[in-house]
There are 2 protein chains.
Amino acid sequence: MPQSGKHVTLKDLAAHAGVSRSTVSLVLQESPLVARHTRERVMAAARALGYVYNRGAATLRSARTATIGVVVHDIANPFFGAMVAGIDETLQNADYVSLLASTGDSPARQERLVTRLREQRIDALLLCPAENTPDTLTDTMADWGLPCIEVMRHIGETPRGHYVGADIRTGLARAVAHLIHHGHRRIALLTGTGYSSADRERMMGYQQAMHEAGLAPDIRTGRNELTRRAGLERTLEIMNEPTPPTALICHNDLMALGALLALARLNITPGAECAVIGIDDSDEAALSEPALCSIATHPHAIGRAAAGLALACLAAPDNDPRRIVLETSLRIRASADHTLHRSRESS
Amino acid sequence: MPQSGKHVTLKDLAAHAGVSRSTVSLVLQESPLVARHTRERVMAAARALGYVYNRGAATLRSARTATIGVVVHDIANPFFGAMVAGIDETLQNADYVSLLASTGDSPARQERLVTRLREQRIDALLLCPAENTPDTLTDTMADWGLPCIEVMRHIGETPRGHYVGADIRTGLARAVAHLIHHGHRRIALLTGTGYSSADRERMMGYQQAMHEAGLAPDIRTGRNELTRRAGLERTLEIMNEPTPPTALICHNDLMALGALLALARLNITPGAECAVIGIDDSDEAALSEPALCSIATHPHAIGRAAAGLALACLAAPDNDPRRIVLETSLRIRASADHTLHRSRESS
DNA sequence: GAACGTATTTGGATCGATCCAAAACGCTCA
DNA sequence: TGAGCGTTTTGGATCGATCCAAATACGTTC
């Protein structure tokens with residue numbers, strides 16, 4: 001055992017097991033070339049001496065750490081909890097590990113975290129980019145030779161690199177059609193600043209659906225806060241207008257749940273007097289009172305697809321950008337399952 | 001620029017800037033020994049060549065990566081989002097970065113993640129341990145010489161290493177006193193399996209408060225799931241008993257919010273007919289309908305304290321275990337702010 | 001026992017960054 | 001101009017692990 005404070009190295013294991021450093025290295029790599037009894041001797045030495053592999057040292061000669069960075073913009077959004085579970089489930093089978101970092105939706109902080117992860121020599125990056133992320137980040141990833149999969153949000157107008165997302169547009173078309181079918185004509189979209197790709201995608205899908213139905217779009221952009229509290233506050237404002245919308249499609253479930261809270265405060269019966277639809281179909285959507293109607297984006301499956309794509313890129317490097325867009329579905333629940341009262345729509 | 005796929009190294013920067021590798025290294029370390037014009041030349045070379053530092057290589061000679069691992073058991077719990085924000089805020093000023101990993105409350109997965117983080121040579125670990133974590137983990141950290149701060153949960157009966165938590169016992173004493181003052185005599189504690197230190201702490205604090213009030217404790221342990229859905233389901237069961245409690249203290253806000261949903265489904269008026277108190281005082285507590293009464297544990301401050309302790313350990317290594325326990329406070333809100341109807345207590 | 005083929009192990013160079021004693025440089029003063 | 005001193009830069013060794021050609025060991029056959 002080396003003196004206190006020093007790490008156990010291959011050299012120590014080799015001396016303890018009576019083999020060479022190269023043999024130790026082969027054992028740790030689970031090489032089939034090593035005899036079984038030799039392998040056992042080395043593993044016993046590793047256990048006895050409390051050896052911890054040094055991935056940084058290994059990356060000086062081999063290229064991989066078996067580590068994937070996951071960078072998201074709001075760790076408190078339940079979408080990401082589910083997505084990370086999907087990522088980890090997929091990586092586990094490949095003996096990879098994900099390391100998660102939260103940008104707080106700041107491009108500057110994001111740059112710092114991405115750089116720090118690269119310095120630690122992650123093998124690939126799954127990135128839900130902060131709003132206003134500069135286009136140059138895609139180039140930087142390419143320069144680094146770091147496989148990067150943009151997830152749910154992308155950098156720039158269209159993704160130039162790999163992308164995994166959900167078919168929000170079709171989901172919005174279904175939501176708008178559903179609301180129209182239930183008698184709604186004043187349907188508003190409650191979204192963020194309008195600058196993130198997620199915002200723009202929602203706005204465009206919603207606008208297209210409204211135009212096709214011959215209705216006037218009503219897009220409510222606002223501050224870069226997509227939380228329950230923001231949904232509540234903004235819905236309170238909207239409902240105090242002279243002619244408020246009769247239906248709200250919210251950026252995500254958190255905002256939609258906030259909107260439900262606002263309606264309750266205003267004694268507006270959610271569903272019957274004002275419909276609310278969220279996006280994501282979080283676990284909470286089904287539990288709330290009334291149950292929230294939501295466009296299901298399947299975050300767990302998104303996570304699995306993104307991690308799977310990262311592993312595929314690492315297994316067979318090829319620079320063709322891949323795009324995976326999972327289907328969405330409209331989960332119809334009480335918050336948007338009533339035919340609108342006629343008096344409310346006319347007034 | 002080296003050929004594609006190869007990283008830019010100190011050697012490349014040195015050639016580009018016309019200085020030695022040692023000078024480049026000193027510049028990157030921001031050593032005051034280097035002349036300003038030399039420093040500028042090197043930094044220009046680094047920008048021009050797109051240099052990325054290799055922290056793994058550096059740790060072969062220097063000891064630090066300026067990276068702290070944060071391992072939690074349920075990333076979807078809003079407590080951790082707030083705690084991580086506090087951690088990151090504190091680390092930013094020290095030019096440290098946190099890398100987060102989620103154990104899903106599995107000791108086996110936790111062991112794997114902790115090992116992987118150590119292999120990446122994190123400088124310290126903030127750990128909210130999985131339930132049933134073996135005592136030996138504390139010894140392993142000590143053997144590794146890795147400063148480890150247990151947060152909110154600890155390993156074993158009492159923390160043997162560093163610990164940061166909240167004074168749950170005092171919070172529970174206040175909650176019980178508050179409920180008694182409002183006429184409640186059948187007060188139940190809804191908790192987890194009873195095996196985690198967080199469970200035990202809650203059970204003991206609650207029991208002590210109930211004994212001191214001369215009341216019979218009613219502890220409801222259950223499965224290892226501390227979610228909104230679990231709170232809802234278990235409350236539905238409890239409320240179907242012949243003589244259900246008139247007040248529920250729940251393991252965390254998520255469960256308490258689930259309990260409120262259950263009461264609403266049963267047409268039991270939350271607050272008036274059955275009081276509900278959560279633990280954590282998440283952002284959602286104040287927004288819910290009725291607003292949730294909760295023991296505030298200040299996760300943001302917990303995160304700040306934990307990160308601060310980690311930095312202090314790194315700055316002045318000393319093996320004396322430190323213990324920081326932040327004060328809690330009872331945030332009184334509608335879910336537990338009514339005097340109990342007399343008929344309900346008597347029946 | 002020698003020859004041969006296969007299995008297993010080895011040793012020195014390499015990777016990128018840091019360390020630190022020595023070398024080099026620039027300035028001042030006699 | 002040379003010596004002395006303080007500032008700045010340098011070069012070779014080191015760190016822990018991998019690589020890969022060569023060496024060694026082993027088992028089988030004649």
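Note on naming: letters A, B, ... go to the chains in the order of the sequence lines (proteins, then strands), and numbering restarts at 1 for each one.
Between dT9(C), dT10(C), dT18(C), one nucleotide has an atom nearer to the side chain of L10(B) than all others, and that is dT18(C). Distances from the side chain of L60(A) to the nucleotides dA17(D), dC19(C), dG16(C) place dG16(C) closest. Comparing atom distances between the S22(B) side chain and each of dT8(D), dC20(C), dA17(C) picks out dC20(C) as nearest. Nearest to the side chain of N54(A), among dG16(D), dT18(D), dA17(C), sits dG16(D). Out of dT10(C), dC19(C), dA13(C), the shortest distance to the side chain of S20(A) is found at dT10(C).
Atoms CG (L33(B)) and C1' (dG6(D)) sit 12 Å apart, rounded to a whole Å. Between the CZ atom of R39(A) and the C1' atom of dA7(C) there is a distance of 13 Å, rounded to whole Å. What separates CZ of R64(B) from C1' of dC15(D) is a distance of 17 Å, to the nearest Å. Atom CG in L13(A) sits about 11 Å away from atom C1' in dG16(D), given to the nearest Å. For the pair R61(A) CZ and dG12(C) P, the interatomic distance rounds to 16 Å; values are reported in whole Å. Taking atom CZ of R36(A) as the reference point, atom C1' of dA7(C) lies 17 Å away to the nearest angstrom. Between the C1' atom of dG16(C) and the CD atom of E119(A) lies a distance of 13 Å, rounded to the nearest Å. In this structure, Q29(B) atom CD and dA17(C) atom C1' are separated by 9 Å, rounded to whole Å.
S25(B) comes within 4.0 angstrom of a nucleotide base, judged by non-hydrogen atoms across all strands. Contacts of R21(B) with the nucleic acid, taken as non-hydrogen atoms under 4.0 Å apart, include base atoms. Among the heavy atoms of the strands lying under 4.0 Å from T38(A) are primed sugar atoms or P, OP1, OP2 only; no base atom is included. If you check every strand for non-hydrogen atoms under 4.0 Å, L26(A) touches a base.
In the model, T136(B) has no side-chain atom that pairs as donor or acceptor with a side-chain atom of D139(B) under 3.5 Å.
Considering N132(A), T133(A), T103(A) in turn, T133(A) is the only one that fulfils the side chain to side chain donor-acceptor pair (under 3.5 Å) rule with Q110(A).
With DNA chain D read from its 5' end, the first of the two nearest nucleotides for V24(B) and R121(B) is the one closest to V24(B). A residue-by-residue look at A35(B) and A58(A) shows that A35(B) has its nearest nucleotide of DNA chain D further toward the 5' end.
Between the CD1 atom of I122(B) and the CH2 atom of W144(B) there is a distance of 8.5 Å, given to the nearest 0.5 Å. In this structure, OG1 in T115(B) is found 12.5 Å from CD in Q120(B), a value given to the nearest 0.5 Å.
Between T23(A) and dT10(C) there is a side-chain N or O to OP1 or OP2 distance below 4.0 Å.
A donor-acceptor contact shorter than 3.5 Å is absent between the side chain of R121(A) and the backbone of R55(A).
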